[in-house]
2 protein chains.
Amino acid sequence: MDQFTNATVLKAANIYHGGQVTSRTLVLEDGTKVTLGIMLPGVYEFGTEGPETMEILSGHLKVLLPGTEVWQEINGKETFHVPGNSKFALEVFELTDYCCSYPVVG
Amino acid sequence: MDQFTNATVLKAANIYHGGQVTSRTLVLEDGTKVTLGIMLPGVYEFGTEGPETMEILSGHLKVLLPGTEVWQEINGKETFHVPGNSKFALEVFELTDYCCSYPVVG
């Protein structure tokens with residue numbers, strides 16, 4: 001799926017890590033929240049509330065998922081899942097374009 | 001208006017100037033194209049095809065509009081219009097969040 005339809009889009013950007021990570025928030029028809037974002041090179045740690053599905057659209061990075069000790073390298077398109085109430089770390093080598101989904105729970 | 005509704009949103013980012021300027025494309029119900037973008041500090045020149053309305057949501061920059069010789073300083077929210085088939089220049093001092101609209105012509 002290359003596009004979302006019937007989305008509500010918040011105009012203002014989400015800005016993290018001094019602008020190294022920025023995103024826009026969409027809410028889809030079924031209530032799913034999605035953020036479309038850009039990460040510039042750097043090392044980041046993020047915490048989750050609910051579970052997240054992270055789809056890398058392009059870029060080059062490593063990710064350390066919770067409960068693992070091995071950094072997973074990603075080159076280009078890749079999807080990974082992060083459990084709720086956890087932390088994950090990213091080392092971004094090249095500008096990375098991503099789509100993060102926060103499924104509606106319950 | 002803090003959000004757009006019923007928008008079609010292209011998933012992949014638009015990436016310019018080596019990632020210093022990035023945006024997402026939306027198409028609204030009436031066919032208006034909108035890009036929501038981030039500009040990091042730097043000096044940029046952009047060309048227009050049709051007319052554009054540029055709404056600065058936050059940031060600090062100067063803009064040189066076509067046909068003028070005076071740089072206009074913008075601090076925070078401001079809107080300016082750029083004619084079609086022209087060029088304009090921006091000097092961005094601080095991360096700038098913007099919403100650019102490309103009205104449907106005709």
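By convention in this document, chain letters (A, B, ...) are assigned in the order of the sequence lines, proteins followed by strands, and residues within each chain are numbered from 1.
- Within a 6.0 Å sphere centred on CD of B:E49, other residues, nucleotides and ligands contribute 12 heavy atoms or fewer.
- Both the backbone and the side chain of A:L10 come within contact range of chain B, judged by heavy atoms closer than 4.5 Å.
- B:F93 and B:F88 fall into different hydrophobic clusters, where Ile, Leu, Val, Met, Phe, Trp and Tyr are joined by side-chain heavy atoms under 4.5 Å apart, directly or via other members.
- A pairwise comparison of heavy atoms in B:Y98 and A:R24 identifies O-NH2, 4.0 Å as the closest pair.
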For this session: Apply side chain to side chain contact (heavy atoms under 4.5 Å, CB included) to the pair A:V9 and B:V34, showing each step before the final yes or no.
Result: CA-CA 11 Å; A:V9 184; B:V34 169; over 6 Å; no

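- Side-chain heavy atoms closer than 4.5 Å link hydrophobic residues (I, L, V, M, F, W, Y) into clusters, and following such links, even through other members, never connects B:Y102 to B:M54.
- Heavy-atom pairs under 4.5 Å with chain B were tallied for A:A13, A:S58, A:G19, A:A12; the largest tally goes to A:A13.
- For chain A, the nearby part of B:E55 is the side chain; its heavy atoms alone come within less than 4.5 Å.
- Hydrophobic clustering of Ile, Leu, Val, Met, Phe, Trp and Tyr side chains at less than 4.5 Å, counting indirect connections, keeps A:L64 apart from A:V82.
- Taking hydrophobic clusters as Ile, Leu, Val, Met, Phe, Trp and Tyr residues chained together by side-chain heavy-atom distances below 4.5 Å, B:Y16 shares a cluster with B:Y44.
- Residue B:L26 touches chain A through its side chain alone, counting heavy-atom pairs closer than 4.5 Å.
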Problem set entry | Trace of the side chain to side chain contact (heavy atoms under 4.5 Å, CB included) decision for B:I38 with A:I38 | CA-CA 10 Å; B:I38 296 283; A:I38 296 283; over 6 Å; no

Exercise. Please walk me through it: do B:L95 and A:T22 pass side chain to side chain contact (heavy atoms under 4.5 Å, CB included)?
Worked result: CA-CA 10 Å; B:L95 183 144; A:T22 58; 4.3 Å; yes

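- Clustering ILVMFWY residues whenever any of their side-chain heavy atoms sit less than 4.5 angstrom apart, transitively, puts A:V21 in the very cluster that holds A:L61.
- Counting heavy-atom pairs closer than 4.5 Å to chain B, the top-ranked of the candidates A:L57, A:D2, A:L36 is A:L36.
- Atoms CG and OG1, from A:N6 and B:T8 in turn, are 7.0 Å apart once rounded to the nearest 0.5 Å.
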